[in-house]
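See structure below.
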Number of protein chains: 2
Amino acid sequence: MDAICKCKYIDKKELERTVAEQPDAETIERLSTFFSVFGDGTRLKILYYLSRHELCVADLASLVKMGQSAVSHQLRNLRLNRLVKVRKEGTTSYYSLDDEHVQSIFEVALAHINEVKR
Amino acid sequence: MDAICKCKYIDKKELERTVAEQPDAETIERLSTFFSVFGDGTRLKILYYLSRHELCVADLASLVKMGQSAVSHQLRNLRLNRLVKVRKEGTTSYYSLDDEHVQSIFEVALAHINEVKR
DNA sequence: TCCTTATATGAATATCTGTTCATATATTAA
DNA sequence: TTAATATATGAACAGATATTCATATAAGGA
């Protein structure tokens, strides 16, 4: 702790506690990655549809009005971040949500943007 | 509704409801923007510190170990997204949180990454 | 076996985003 | 008024990211 606290209104002891308790680098890294996944309209739409139904790639593509390839890439992203899971049947891949937090995340975020109301 | 539902396992009626109830373009836009703000380590750190103290720019810069300019740019971003607010006193700007959802957001996200545990 | 269908993926490209650098603005002190 | 300090901001640059295109893989049917 060095150049900190040049300003007034700060209880130095409390600030030291804040620094001591700060999330470690890995936590920050994983948090920002997690939020980045939600920071894209295409992925949000996919997550919304999957929160209602298990769906195959072609149907998702038609629902979000994007090419099959684009959707496939995004599903891969969501899969790697453990937000969706796949079930294969023949050549068809059925995707569904793999995280019970997605719903809560949506709710809090909607609460935010509805209160700010532009 | 056209090329949808080529796959089985889908109740067409329910799918129509899902489409009818889907969030509009503006909501998707605002949601993804909202999440994008959290999708960056520097901003997450800033939000963490501000969740504990009102702080000036110089102290924030020293805490997150970044240049004053970088922090200033990020604070501007956070300000435009209504997550922080400023209070000026002389030449000093004191920032603090401007959103009661930030805490809840953190909690849900932490719950997620702790359960997935790498 | 050959063809069709569903999905996955590497490469290329265009766009977006974060940081730095230089500088502007504004307040206070000398 | 001049200097020093705190912050803000435009421009430039580098790195990240989303989409498209072409193609690979793989299963099922003819």
Side-chain angles (χ1 to χ4, degrees), chain A residues 3-10 28-29 31-47 50 54-81 83-96, chain B residues 3-10 28-29 31-47 50 54-81 83-96:
Chain A
I4 319 182
C5 206
K6 300 191 284 198
C7 302
K8 350 167 195 170
Y9 306 121
I10 301 183
I28 293 289
E29 166 69 26
L31 272 180
S32 61
T33 301
F34 175 73
F35 284 121
S36 295
V37 177
F38 288 89
D40 176 81
T42 302
R43 286 192 292 270
L44 284 184
K45 288 180 203 162
I46 291 175
L47 289 173
L50 294 183
E54 179 189 59
L55 289 163
C56 68
V57 179
D59 282 356
L60 277 170
S62 131
L63 284 164
V64 305
K65 299 184 181 65
M66 293 232 134
Q68 172 269 320
S69 181
V71 172
S72 212
H73 278 296
Q74 295 295 18
L75 285 168
R76 179 184 147 86
N77 182 334
L78 292 167
R79 220 182 327 118
L80 293 176
N81 285 287
L83 292 174
V84 305
K85 57 176 187 284
V86 214
R87 176 175 71 79
K88 304 233 178 192
E89 199 170 306
T91 63
T92 308
S93 295
Y94 291 97
Y95 281 85
S96 57
Chain B
I4 318 183
C5 207
K6 300 191 284 198
C7 301
K8 352 167 194 170
Y9 307 121
I10 300 182
I28 291 290
E29 166 70 24
L31 272 180
S32 63
T33 301
F34 176 72
F35 284 121
S36 295
V37 178
F38 288 89
D40 175 79
T42 302
R43 287 192 292 269
L44 284 183
K45 289 180 203 163
I46 291 174
L47 290 173
L50 294 183
E54 180 188 60
L55 289 163
C56 69
V57 179
D59 283 356
L60 276 170
S62 132
L63 283 164
V64 305
K65 299 185 181 63
M66 292 232 136
Q68 172 268 319
S69 181
V71 172
S72 213
H73 278 295
Q74 295 296 19
L75 285 168
R76 179 184 148 87
N77 182 333
L78 293 167
R79 219 183 326 117
L80 293 176
N81 285 286
L83 292 174
V84 306
K85 57 175 187 283
V86 214
R87 176 175 71 77
K88 305 231 177 194
E89 199 171 306
T91 63
T92 307
S93 295
Y94 291 96
Y95 282 86
S96 56

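Owing to the predicted nature of the structure, the values given are computational and were not obtained by experimental measurement. Per chain, numbering begins at 1; letters A, B, ... match sequence-line order.
Atoms CG (L44(B)) and P (dG18(C)) sit 11 Å apart, rounded to a whole Å. Note: CG (L75(A)) to C1' (dA8(C)) measures 11 Å, nearest angstrom. Here the P atom of nucleotide dA6(D) and the CG atom of L60(B) are 14 Å apart, to the nearest Å.
Considering only side-chain N and O atoms, S36(B) lies nowhere under 4.0 angstrom from the phosphate OP1 or OP2 of dT17(C).
The base of dT9(C) is paired with the side chain of S69(A) by a donor and an acceptor separated by under 3.5 Å.
Relative to the side chain of Q74(A), the nucleotides dA27(D), dT19(D), dT20(C) differ in distance, and dT19(D) lies closest. With distances taken from any side-chain atom of S93(A) to the nucleotides dT7(C), dA22(D), dA18(D), the minimum falls on dT7(C). Side chain of C56(A), nearest nucleotide from dT19(C), dA6(D), dT7(C): dT7(C). Taking the side chain of S72(A) as heavy atoms from C-beta on, and the options dT7(D), dT19(C), dT9(C), the nearest nucleotide is dT9(C). Distances from the side chain of K88(B) to the nucleotides dA18(D), dT7(D), dT5(C) place dT7(D) closest.
Here H73(B) lies parallel enough and close enough to stack on the base of dT9(D), with planes under 30° and ring centres under 5.5 Å apart.
Residues Y95(B) and V57(B) meet the side-chain proximity criterion, which asks for heavy atoms closer than 4.5 Å.
Interatomic distance, I46(A) CD1 to L75(A) CG, rounded to the nearest 0.5 Å: 5.0 Å. The line from CD of Q74(A) to CG of L60(A) is 11.5 Å long, rounded to the nearest 0.5 Å.
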